Visitor: 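This is the structure I have questions about; it appears just below.
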Amino acid sequence: MKALLRGAITLLVLVAGWQALVWATGLPRYLLPGPLAVADAMQRQAPLLLTHGLTTLAEILIGLVAGVALGGVSALLLARFRTARRWLMPLLLVSQAIPVFALAPLLVLWLGYGMASKIAMAVLVIYFPVTTALFDGLRRTDPGWLDLARTMGASPAAILWSIRLPAALPAFWSGVRVAAAVAPIGAVIGEWVGSSSGLGYLMLHANARMQIDLLFAAVLVLGLFAVSLYAAVDALARRALPWQPDTQPAEDANP
């Protein structure tokens, strides 16, 4: 509760400083609109922001689910089969070595201007953190547990599903948290390259028309999506890992 209060106070201080800077410098709206101007734009353009925001939100959610599923399956294959490591690991590295901006035009060309190309872009951004986090967790299972399971005659598949996977869940959820934070990036990049709707599309058109207050409003809505999605994933992770309580450093436990 105290952390939330401190966060709210920090946010209020930043917003007040932003508004004070605009008043003190007299910057025009087309250069830097103040928070009051952005709030006014959000109120006036609420239907427009809602329409485009729902499109982007759908792309983010579908991309997150698909990316997490694909990353989870890939990590299990990497952990279970040596041949999979030989073939999938290079693809995993290449997926991050190529800038997403270089792939976005190709995805739009292949999949069209609709949601499919944006979902694919979100999946590409999400795939790496989920796969690497889960694979790392699967590789770092306590050796004592594995030796005991082998002594009792457990098969490699049984060891993977009954011991290694549950032990790797904390690492997996860490990767999902990162994926939730970066999922909007992939969707918006895809919308910037080519789209007919979405917050990224709205940002480009608002910038071209010098409607910077609307652009800031779209950025704010996207930020709210990202924060809400991260909070939802974090709450889900806490419920999924009841045996792993949160711990805080001594200096944070008693502020």
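Being a predicted model, the structure only gives us computed values, none of them experimental.
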Visitor: Please tell me if the side chains of Leu148 and Met152 come closer than 4.5 Å, counting only heavy atoms from C-beta onward.
Guide: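 Leu148 vs Met152: side chains touch.
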
Visitor: Closest heavy-atom contact between Gly137 and Ala168?
Guide: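 The pair with the smallest heavy-atom distance is C-CB, 3.4 Å.
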
Visitor: Are Val65 and Leu134 linked, directly or through intermediate hydrophobic residues, by side-chain heavy-atom contacts shorter than 4.5 Å (ILVMFWY only)?
Guide: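 Per the 4.5 Å side-chain linkage, Leu134 and Val65 are not co-clustered.
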
Visitor: For the backbone of Val13 and the side chain of Trp18, can you confirm whether one donor and one acceptor N or O come within less than 3.5 Å of each other?
Guide: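 Pair absent, no side-chain N/O of Trp18 close to backbone of Val13.
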
Visitor: Taking the side chain as everything from C-beta on, heavy atoms only, tell me whether Leu32 gets closer than 4.5 Å to Thr25.
Guide: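 No, their side chains stay 4.5 Å or more apart.
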
Visitor: Do you know which two heavy atoms are closest between Ile163 and Ala149, and how far apart they sit?
Guide: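 Distance-wise, the nearest heavy atoms are CD1-CB, 3.3 Å.
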
Visitor: Does Arg85 reach the side chain of Leu77, with side-chain heavy atoms less than 4.5 Å apart?
Guide: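 With C-beta onward as the side chain, the pair stays apart.
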
Visitor: Is it true that Leu103 and Val123 fall in one hydrophobic cluster, defined by side-chain heavy atoms closer than 4.5 Å?
Guide: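 No, separate clusters.
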
Visitor: May I ask whether Met121 and Ile185 are part of the same hydrophobic cluster, defined by side-chain heavy atoms of I, L, V, M, F, W, Y residues being less than 4.5 angstrom apart, directly or through others?
Guide: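 Yes, same cluster.
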
Visitor: Can you measure from CG (Leu220) to CG (Leu214) and round to the nearest 0.5 angstrom?
Guide: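 It is 11.5 Å, given to the nearest 0.5 Å.
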
Visitor: Assess the residue pair Leu36 and Asp40 against the criterion (side chain to side chain contact (heavy atoms under 4.5 Å, CB included)); give the C-alpha distance rounded to whole Å, side-chain angles, the decisive distance to 0.1 Å, and a yes or no.
Guide: CA-CA 6 Å; Leu36 295 178; Asp40 180 63; over 6 Å; no

Visitor: Would you indicate whether the side-chain heavy atoms of Glu59 and Glu191 approach each other to under 4.5 Å?
Guide: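 Yes; the side chains approach each other to less than 4.5 Å.
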
Visitor: Please report the interatomic distance CG(Leu48) to CE(Met42), rounded to the nearest 0.5 Å.
Guide: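 Those atoms lie 12.0 Å apart.
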
Visitor: Which heavy atom of Leu199 sits nearest to which heavy atom of Ala218, and what is that distance?
Guide: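 Looks like CD1-O, 4.1 Å.
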
Visitor: Please examine the side chains of Leu76 and Leu165, heavy atoms only from C-beta on, and report whether any two atoms are closer than 4.5 Å.
Guide: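 Yes - at least one pair of side-chain heavy atoms lies under 4.5 Å apart.
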
Visitor: Report yes if some heavy atom in the side chain of Gln211 is under 4.5 Å from a heavy atom in the side chain of Tyr30; otherwise report no.
Guide: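 Side-chain contact under 4.5 Å: no.
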
Visitor: Look at the side-chain heavy atoms of Ile, Leu, Val, Met, Phe, Trp and Tyr, link any pair under 4.5 Å apart, and say whether Val68 and Ile62 land in one connected group.
Guide: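 Different hydrophobic clusters.
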
Visitor: CG/Asp234 to CZ/Arg177 distance, rounded to the nearest 0.5 angstrom?
Guide: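 It comes to 4.5 Å.
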
Visitor: Would you mind listing every ring pair (Phe, Tyr, Trp, His ring centres under 6.0 Å) that reaches into residues 130-164, with sequence neighbours excluded?
Guide: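 For residues 130-164: none.
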
Visitor: Find out whether Leu92 and Tyr127 are in side-chain contact, i.e. whether some heavy atom of one side chain is under 4.5 Å from a heavy atom of the other.
Guide: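 Touching, per the 4.5 Å side-chain cut-off.
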
Visitor: So which heavy atom on Leu61 is nearest to which on Leu229, and how close?
Guide: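 Smallest heavy-atom distance, with atoms named: CD2-CD1, 3.8 Å.
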
Visitor: Please round to the nearest 0.5 Å and tell me the distance separating atom CG of Leu124 and atom CG of Leu107.
Guide: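 The CG atom of Leu107 is 6.0 Å from CG of Leu124, to the nearest 0.5 Å.
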
Visitor: Using modelled atom types only, decide if a donor and an acceptor are shared between the side chain of Ser197 and the backbone of His52 within a distance under 3.5 Å.
Guide: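 Not confirmed, Ser197 side chain does not pair with His52 backbone.
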
Visitor: Contact between Ser117 and Trp110 at the side-chain level, heavy atoms closer than 4.5 Å - yes or no?
Guide: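 A side-chain contact under 4.5 Å is absent here.
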
Visitor: Can you list every salt bridge (charged side-chain N to carboxylate O under 4.0 Å, His left out) pair that touches residues 140-166, not counting sequence neighbours?
Guide: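 For residues 140-166: Asp136-Arg140, Asp147-Arg150.
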
Visitor: With rounding to the nearest 0.5 angstrom, report the CG to CG distance, Asn207 to Leu202.
Guide: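 Between atom CG of Asn207 and atom CG of Leu202 there are 11.0 Å.
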
Visitor: To the closest 0.5 Å, what do you measure between CG (Leu93) and CD1 (Ile98)?
Guide: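 Between Leu93 CG and Ile98 CD1, I get 11.5 Å after rounding to 0.5 Å.
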
Visitor: Please determine, by modelled atom types, if Ser196 and Tyr201 share a side-chain donor-acceptor pair under 3.5 angstrom.
Guide: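 No, no side-chain donor-acceptor contact under 3.5 Å.
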
Visitor: Do Gln19 and Leu21 pass the side chain to side chain contact (heavy atoms under 4.5 Å, CB included) test, and can you show the C-alpha distance, the side-chain angles, and the key distance before you say yes or no?
Guide: CA-CA 5 Å; Gln19 186 65 60; Leu21 175 65; over 6 Å; no

Visitor: Ile189 and Lys118: side chain to side chain contact (heavy atoms under 4.5 Å, CB included), yes or no, with the steps?
Guide: CA-CA 8 Å; Ile189 288 177; Lys118 287 68 181 176; over 6 Å; no

Visitor: Please lay out, stage by stage, how Leu70 and Ile126 fare under the test side chain to side chain contact (heavy atoms under 4.5 Å, CB included).
Guide: CA-CA 9 Å; Leu70 181 61; Ile126 292 166; over 6 Å; no

Visitor: If you take all heavy atoms of Ile212 and Arg29, which pair is closest and at what distance?
Guide: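 Heavy atoms only, the tightest pair is CB-O, 3.7 Å.
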
Visitor: Filter on ring pair (Phe, Tyr, Trp, His ring centres under 6.0 Å), then keep only pairs touching residues 76-97, sequence neighbours left out; what's left?
Guide: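 Residue pairs with at least one partner in residues 76-97: there are none.
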
Visitor: Look at the side-chain heavy atoms of Ile, Leu, Val, Met, Phe, Trp and Tyr, link any pair under 4.5 Å apart, and say whether Leu88 and Val73 land in one connected group.
Guide: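 As far as the 4.5 Å side-chain criterion goes, Val73 and Leu88 are connected within one cluster.
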
Visitor: Considering non-hydrogen atoms only, spot the tightest contact between Thr131 and Gly71 and give its length.
Guide: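 Thr131 and Gly71 have their closest heavy atoms at OG1-CA, 3.1 Å.
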
Visitor: Do the side chain of Thr141 and the main chain of Leu138 share a donor and acceptor less than 3.5 angstrom apart?
Guide: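 Yes.
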
